[in-house]
2 protein chains.
Amino acid sequence: MRIDGKQAAADLRKQLSMQVLQLQQEKNIVPGLTVILVGEDPASEVYVRNKVRQTRELGMHSQEIRLPVDIREEALLTRLEQLNQDKDVHGILVQLPLPAHINEAKVLAAINPEKDVDGFHALNSGRLLNGSGDALVPCTPQGCVILAKRHLGEDLSGKHAVVIGRSNIVGKPLAILLLQENCTVTIAHSRTENLAQICRQADILVAAVGRANFVKGDWIKPGATVIDVGINRIEDTEGKTRLVGDVDYQAAVEVAAAITPVPGGVGPMTIACLLKNTLVAARRYG
Amino acid sequence: MRIDGKQAAADLRKQLSMQVLQLQQEKNIVPGLTVILVGEDPASEVYVRNKVRQTRELGMHSQEIRLPVDIREEALLTRLEQLNQDKDVHGILVQLPLPAHINEAKVLAAINPEKDVDGFHALNSGRLLNGSGDALVPCTPQGCVILAKRHLGEDLSGKHAVVIGRSNIVGKPLAILLLQENCTVTIAHSRTENLAQICRQADILVAAVGRANFVKGDWIKPGATVIDVGINRIEDTEGKTRLVGDVDYQAAVEVAAAITPVPGGVGPMTIACLLKNTLVAARRYG
């Protein structure tokens, strides 16, 4: 079975748009997301455009702030501080990557944790790790869990989940989320020995390594649920570029019970979960 | 081989006492640890007494604040805020458990993260998860890693570590530390299926479940390193109470290459790592 991330994202957006309406009716709050884009990286512009469009479609306020590529770090931090104070701004997202002269960690740490809809602030990471329930959780991992549940149902308890990759954005927070879902969780990475053998134990296998077709068909336990976070651009034999995941889809689809395609799997969920975080922030702190 | 936690703790304290001296000579800073004890729980009094004594033995300042069991939460928070501001206090530890009328989470969150030598504040948890290098790390997990390295050497890279238990104090932070050491890490817990089989994969097996003799000898891979975090009081056949770990030591010692005893294993390391954190805090922020 193919797990349809586009449909899952559409379903989530539909839910969210009703909740946005409800929040407006009950508390007169319209969730607002501000996206900061520094410079003119074309890929970043596409992402930001998509975020802005989808935010509006849900009935939320959307604000896009474009800053020159040579902006001083201090000026960016000042702008952030204004947004931290602004009552109408519930979510702040700084589009990465930032120009090299700006300290990314410093900028992310300067976002008010209550508005940190990317969930990258250390305070949100810590709340996630400690399970205190008040974290804003990184978007891609949230999307992965929703997609796994789309096939397996709400209860993931007792499943063995293997996460390949240990980034701050995907691997580590996803491992913590799956642990909260009562999965047994294994985190594997570039230094893991016998990776294939470890993957073959997975009821839920998540690949987040950024290497095209890295996970082979025979690494997958028959009947497993496979979530492919990778988005890799490769050239096919005719010289055309196309997007593929971290999993060899053609081989994997024969073995797995369910698998997310690339594109159309995890990707669409990420923005939908960003909008969810904006709603959560507006509800909680708005 | 028996991993001698008492000796490891003594070695660490010796190192620390030299570093304390050095910090005093170079920067005229004497690390200071303040322990707050609310009420008169006898077990807590023993812990606090040990902490105070060892702090002094290392040449650090030690302050013990005793507060009545019926203190109002507000008053405790006010006292904490004074300590947060006090330049001579580098580490603050609130001895747990607190009386039932006090919100433990709220109190822990009120400690200045720079002085949070228990490493329980969400900001420190998040820094640990994100690997930003500026966390104050919970003491028992630190001790576990030191003990594992005492047998395996500094490089744990590629080892498969299985941690049984997912508490905020031990299991989760330890899993993150082992991941930083480039171990492949599996976190198992009460909902894990085929636990014995999962444990048998472990090059490093850590038990932190709080159940006497829970881990059997045949759950251990021959040649594994076993770290036993449990401290359980049981009655023997003659009605005498004694302390045992989470691992069936007699059986395990026949299979494992190295194992920590209980008592005399992880226990002594915890206070030593608390003193280490106090030194780190004094160096970093003093």
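Per chain, numbering begins at 1; letters A, B, ... match sequence-line order.
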Handout entry: Gln82(A) CD: over 12 foreign heavy atoms closer than 6.0 Å
Key = yes

Practice task
Measure the shortest side-chain to side-chain distance between Val185(A) and His189(B) over non-hydrogen atoms and say whether it is less than 4.5 angstrom.
Solution key: no

Problem - Arg72(A) atom CZ, neighbour heavy-atom count above 12 within 6.0 Å - result: no

Fill in the blank from the handout: Within residues 93-119 of chain A, contacts to chain B at heavy-atom distances under 4.5 Å involve none

Practice task
Output the option from Thr192(B), Leu195(B), Asn182(B), Leu128(B) having the highest count of non-hydrogen pairs under 4.5 Å with chain A.
Solution key: Asn182(B)

Practice task
List the steps and the verdict of side-chain contact (heavy atoms from CB on, under 4.5 Å) for Asn194(A) and His160(B).
Solution key: CA-CA 10 Å; Asn194(A) 306 318; His160(B) 191 159; over 6 Å; no

Handout entry: Heavy-atom contact with chain B under 4.5 Å, split by part of Arg166(A)
Key = side chain

Completion exercise
From the list Val162(A), Ile176(A), Leu123(A), the residue making the most non-hydrogen contacts under 4.5 Å with chain B is Leu123(A)

Exercise for the section: Heavy-atom pairs under 4.5 Å with chain B are the metric here; pick the option from Gly131(A), Pro173(A), Cys183(A) that has the most. Expected result: Cys183(A)

Completion exercise
Separation between CG (Asn124(A)) and CG (Leu129(B)), nearest 0.5 Å, reads 11.5 Å

Exercise for the section: Check whether any side-chain heavy atom of Leu179(B) sits under 4.5 Å from a side-chain heavy atom of Lys172(A), and report yes or no. Expected result: yes

Fill in the blank from the handout: When every non-hydrogen atom of Asn130(B) is compared with those of Asn168(A), the smallest separation belongs to O-ND2, 3.0 Å

Fill in the blank from the handout: Here the pair of heavy atoms bringing Gly126(A) nearest to Ser125(B) is CA-CB, 3.7 Å

Completion exercise
Tightest non-hydrogen contact, residues Ser157(A) and Arg191(B), listed as OG-NH2, 2.9 Å

